[in-house]
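For reference, the structure is listed below as C-alpha cells.
Because the structure is predicted, anything quoted here is derived from the model rather than measured. Start at 1 and go down the list; that is how both ligands and their atoms are numbered.
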Amino acid sequence: MKTTGIGTSHAKIILIGEHSVVYGQPAIALPLPEVKLTVTITKLDSEQQLLDSRYFSGSITEAPENMLGIKTLILALINQFDGQSDGWKMNITSMLPAERGMGSSAASAIAIIRAFFDYYDRQLSRETLLKLADIEEKITHRSPSGLDAATTSAINPIWFVKGHAGQHLAMNVTGTLVIADSGVKGQTGDAIKAVKEQLLSNKEATVGQIETLGNLAKETKTCLQNGNSNNLGIILSRAQTQLKLLNVSHPSVDNLIQVAMDNQALGAKLTGGGRGGCIIALVKDAATAQSLSVKLIDAGATATWIQPLQGGNNDTNVC
Ligand SMILES: C[C@@](O)(CCO)CC(=O)[O-]
C-alpha cells in the first residue's frame, strides 16, 4: 500500500444516442478531457475512512442517501482490498457540474476506482474498471448502458453499443460544439424510468422513437467520417425531436435550443439523461461558438463550454 493514491477522469457529452443506447441502439459520445475530476486517497494513522467532497465531508459510513452509489462502490473496493482497518482520507475535486448530463457520477466512480488501485498498487484492466463502475451507476441511474463510464474514462470519441467495448471513432468533420448548462438539475434516473414506463404504456410509438434514434446515430457516424457538418446539425435536431417525444426534454432545455437555432446553430439537442441538464449546439466555427455562447448565457445558461470537433485547438474552453 502507498501513502497516497490518485485517480483521474473527466466529463463527457453524448453527441447522439442517449436513452436509445439503454435499449441496445448505438450511441456516440465524446470525452471532455479538460473538464477534470481528481480523487486523492491519503493514508491516515487512525482507522478512520473519511470522505471530503463538495457535497459531504465526514465518515464514509455517514454519506447521505444521494451518495449511495458512490458509498456502495467505496465499500465494495474496501472489501476487494481487505482494507476494512486501513485508515485514509479521500478527497474528490471536480470541475464537472453535478446532475447536468456531463457524467459526474460515472466520472466520480472511475476516478475513485483508479485511486484505490493506485493506493493498493495494483494493475487495473479496462474491463475491471468498467465492471466496478457499474456498481455505482446501477444504483444512481437504475439501468445504465455503461456509456457514461466508458466515456468518462476514454481519451477518444467512442461509438458505443451496450454490452460491447466502446470503439474509437475517427472524426473528420469541422465544426464546433457549444455545450450550455440550463442550470436545472437533470434527472437521469427518473428520465430512464419514464422511458421504461412509456415502453409499457405506448409500446409501438416508443419502440419507433428508440429505433429512429439508433438510425440517427448510424447516420451521425457516416457524417463524422464524411465531414458534413450541415447534415450533422440536421441530424442532431432530428434526434431532439425524438427525445422530446420520449418526454425527456425540459422547458429550460427547449428554450436554450431555440436560442441556439435562432443564432446560427446548425442543429441542437439535449445531451445526457435530460429533464434539465445541458444542451449541445453545433456551429460552423469557433467565432460563431463564442458569440452563441454569450447569447446562451444572456438567455439563462449558467455555464458554457466550447469543444471543437476536429483539428486546431482541441482544448475545451470554459466560458
Ligand atoms: C440516459 C442515458 O442514455 C445517458 C445518461 O448520460 C443513460 C445511460 O446510457 O446509461
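Among the atoms of S143, none of the N or O lies under 3.5 angstrom from an N or O of ligand 1. On a distance-only criterion, E18 and ligand 1 share no N/O pair closer than 3.5 Å. The shortest N/O to N/O separation between D148 and ligand 1 falls below 3.5 Å.
In M102, neither the side chain nor the backbone holds a heavy atom less than 4.0 Å from any atom of ligand 1.
Nearest protein neighbour of atom 7 (C) of ligand 1, counting heavy atoms only, is I192 CD1, 3.7 Å. In this structure, the protein non-hydrogen atom closest to atom 3 (O) of ligand 1 is H19 N, 2.9 Å. Atom 4 (C) of ligand 1 has its closest protein heavy atom at I14 CD1, 3.5 Å. Nearest non-hydrogen protein atom to atom 8 (C) of ligand 1 is S145 OG, 3.3 Å.
Considering each of H141, R275, K12, the one bringing a non-hydrogen atom nearest atom 6 (O) of ligand 1 is K12.
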- [ ] Kindly indicate, with the supporting measurements, whether the criterion side chain to side chain donor-acceptor pair (under 3.5 Å) is fulfilled by N91 and T40.
- [x] CA-CA 5 Å; N91 199 282; T40 310; 5.7 Å; no

Open item on the list: Using ring-ring contact (aromatic ring centres under 6.0 Å, His included), reason through Y119 and F81 one step at a time and then give a plain yes or no.
Closed with: CA-CA 10 Å; Y119 188 62; F81 290 108; 9.0 Å; no

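The pair D262-K295 fails the salt-bridge criterion, with no side-chain N (NZ, NE, NH1 or NH2) lying under 4.0 Å from an Asp/Glu carboxylate O. For the pair K269 and E18, the salt-bridge criterion is met [side-chain N within less than 4.0 Å of a carboxylate O]. The pair D190-R275 fails the salt-bridge criterion, with no side-chain N (NZ, NE, NH1 or NH2) lying under 4.0 Å from an Asp/Glu carboxylate O.
For ligand 1, the atoms closer than 4.0 angstrom to any heavy atom of V21 are 3 (O), 9 (O). Applying the 4.0 Å criterion to heavy atoms of P144 picks out, from ligand 1, the atoms 10 (O).
The hydrophobic cluster analysis finds I234 isolated: no Ile, Leu, Val, Met, Phe, Trp or Tyr side chain comes under 4.5 Å of it, directly or through other members.
A donor-acceptor pair is defined here as one N or O able to donate and one able to accept, closer than 3.5 Å; such a pair exists between the side chain of T212 and the backbone of G208.
Using a non-hydrogen distance threshold of 4.0 Å, G273 registers as a contact of ligand 1.
How far CG of L282 is from CD1 of I235: 10.5 Å, rounded to the nearest 0.5 Å.
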